[in-house]
Amino acid sequence: MAAFCVILFHSAGWVMTSMFSWSNRYPISIPIEALASSPSFYFLRAVEQVVVFSIPAFIFVSGYFAAFLAGRHTSKFNFKQTFTRIRGLLIPYLIWSIFFLGLGLVEGKSFSPGRILTNLLIGSTTPAYYYVPLIIQLYLIAPLLIFAARKNWKVLLIVTGLIQVFIHLPVTLSLWGFQGELIQSLPQIPKWIFITRVFWFSAGIVAGLHLSKFKPSLQRMNTVFGLASIFFLIAGFIEWEVFKGPLQSRETIIDGFYQIAILLFFLSLGDQIKLPFNKTFNFLSAKSFGIYLAHVPVMEIFARGIYLFTPWILPNHLLFFALIFIAGLGIPLLGMQIIFSTKLRPIYGYLFG
């Protein structure tokens, strides 16, 4: 489901780009103010708000997987499997990052060796790729977090939760209108540094090690978590619209509460409950990393193609949204299936993990 939601989020982002950066290609001139108050704009904002939990969900599942590798009843950590997992992330990431650098060269951009190295280290060849250096860092510190989760998981969650609040604090206070030297001095920590998501990884580890102990209690509160998810979803949407947050910004504390509530809601579902499209989401989850890597260049090339050759689509925001979503999900899946089903199968793991 997280991979599906990430593509929804990025589809909304490309339509926002068409509204506020590419409106010069519209067949008729539409004022920016009209676009920013249109039904399409609020639909896209709603989509972004609903799926804002997708990256924390990815991180949570990765923490759960790290706990699985460690085992629930052993004090040892399987470094061999962990480094195999890191290698499975790193090789496809490098290939797709080099592909993006190649696209930049085709456009006439130039990169110094230092710039190339920096881009690869922090995942800045394209904004979405920061996730891979981030998750690799979290896997590297996983033994320490697993040790802490075994010793006292409550303390681990409290400490990392406070860190997460501090991460969201500058954006939240700035959005709410608080000014002053103290607010401005609060650091904006880059997204690719592990500390920005360490809470979600730790929560996944705790779930992987201890979920069976407290799942009955969670199940009794399923309705509460569902209502809390709805409340914080609406509160987060209102927060950005009332305070007029910038389109390109970071998550707030309210977004964090929504993310916690929605994850707890899914964790508290009974084992017998089957979600709609459960088979589809399970199919996508097995291919999630490949989809994540491949959908980014697919969407960029597809969106730019529309900009150049069929600009009449751009002001038809819902049509553009649907087309770029279908391309972002369908083309990577088709490519993965072709490679997996042909003589190219040996390179599948290098491309998609």
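In what follows, every heavy atom counts, from backbone to side chain, and hydrogens, waters and symmetry copies are set aside. None of these values were measured; they are calculated from a predicted model.
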Minimum heavy-atom distance between Tyr129 and Pro297, given as atom pair plus value
OH-CD, 3.8 Å
Got Ile205 and Tyr64 here, is their nearest side-chain heavy-atom distance under 4.5 Å?
no
Would you say the side-chain atoms of Gln259 pair up with the backbone N or O of Val52, donor to acceptor, closer than 3.5 Å?
yes
Look at the aromatic rings of Tyr26 and His317 and report parallel, tilted or perpendicular, splitting at 30° and 60°.
tilted
If you look at every heavy atom in Leu120 and Pro133, which pair is closest and at what distance?
O-CG, 4.3 Å
Indicate yes or no: at least one non-hydrogen side-chain atom of Val15 is less than 4.5 angstrom from one of Trp22.
no
If every non-hydrogen atom of Gly123 is compared with every non-hydrogen atom of Tyr93, which pair is closest and at what distance?
CA-OH, 3.1 Å
Could you check, using the six-membered ring where one of them is a Trp, whether Phe321 and Phe43 have ring centers closer than 6.0 angstrom?
yes
What is the ring orientation for Phe266 with Phe53, classed by angle as parallel under 30°, tilted 30 to 60°, or perpendicular over 60°?
tilted
Parallel, tilted or perpendicular, as decided by the 30° and 60° cut-offs, for the rings of Tyr348 and Phe340
perpendicular
With Gln49, the side-chain contact (heavy atoms from CB on, under 4.5 Å) member among Ile234, Leu44, Leu233:
Leu233
His210 side chain to Ala149 backbone, donor-acceptor under 3.5 Å:
yes
Taking Leu308's backbone N and O only, do any of them form a donor-acceptor pair with Arg25's side chain (distance below 3.5 Å, no angle check)?
yes
Decide whether Leu293 and Tyr350 are clustered together by the hydrophobic rule: side chain heavy atoms of Ile, Leu, Val, Met, Phe, Trp, Tyr closer than 4.5 Å, transitively.
yes
Where do Ile141 and Phe194 come nearest, in terms of heavy atoms and distance?
CD1-CD1, 3.5 Å
Establish, yes or no, whether a centroid distance under 6.0 Å links the rings of Phe201 and Tyr139.
yes
Give a yes/no verdict on a cation-pi contact between Arg85 and Phe65, requiring under 6.0 Å between NZ or CZ and the six-membered ring centre and an angle within 45° of the axis.
yes
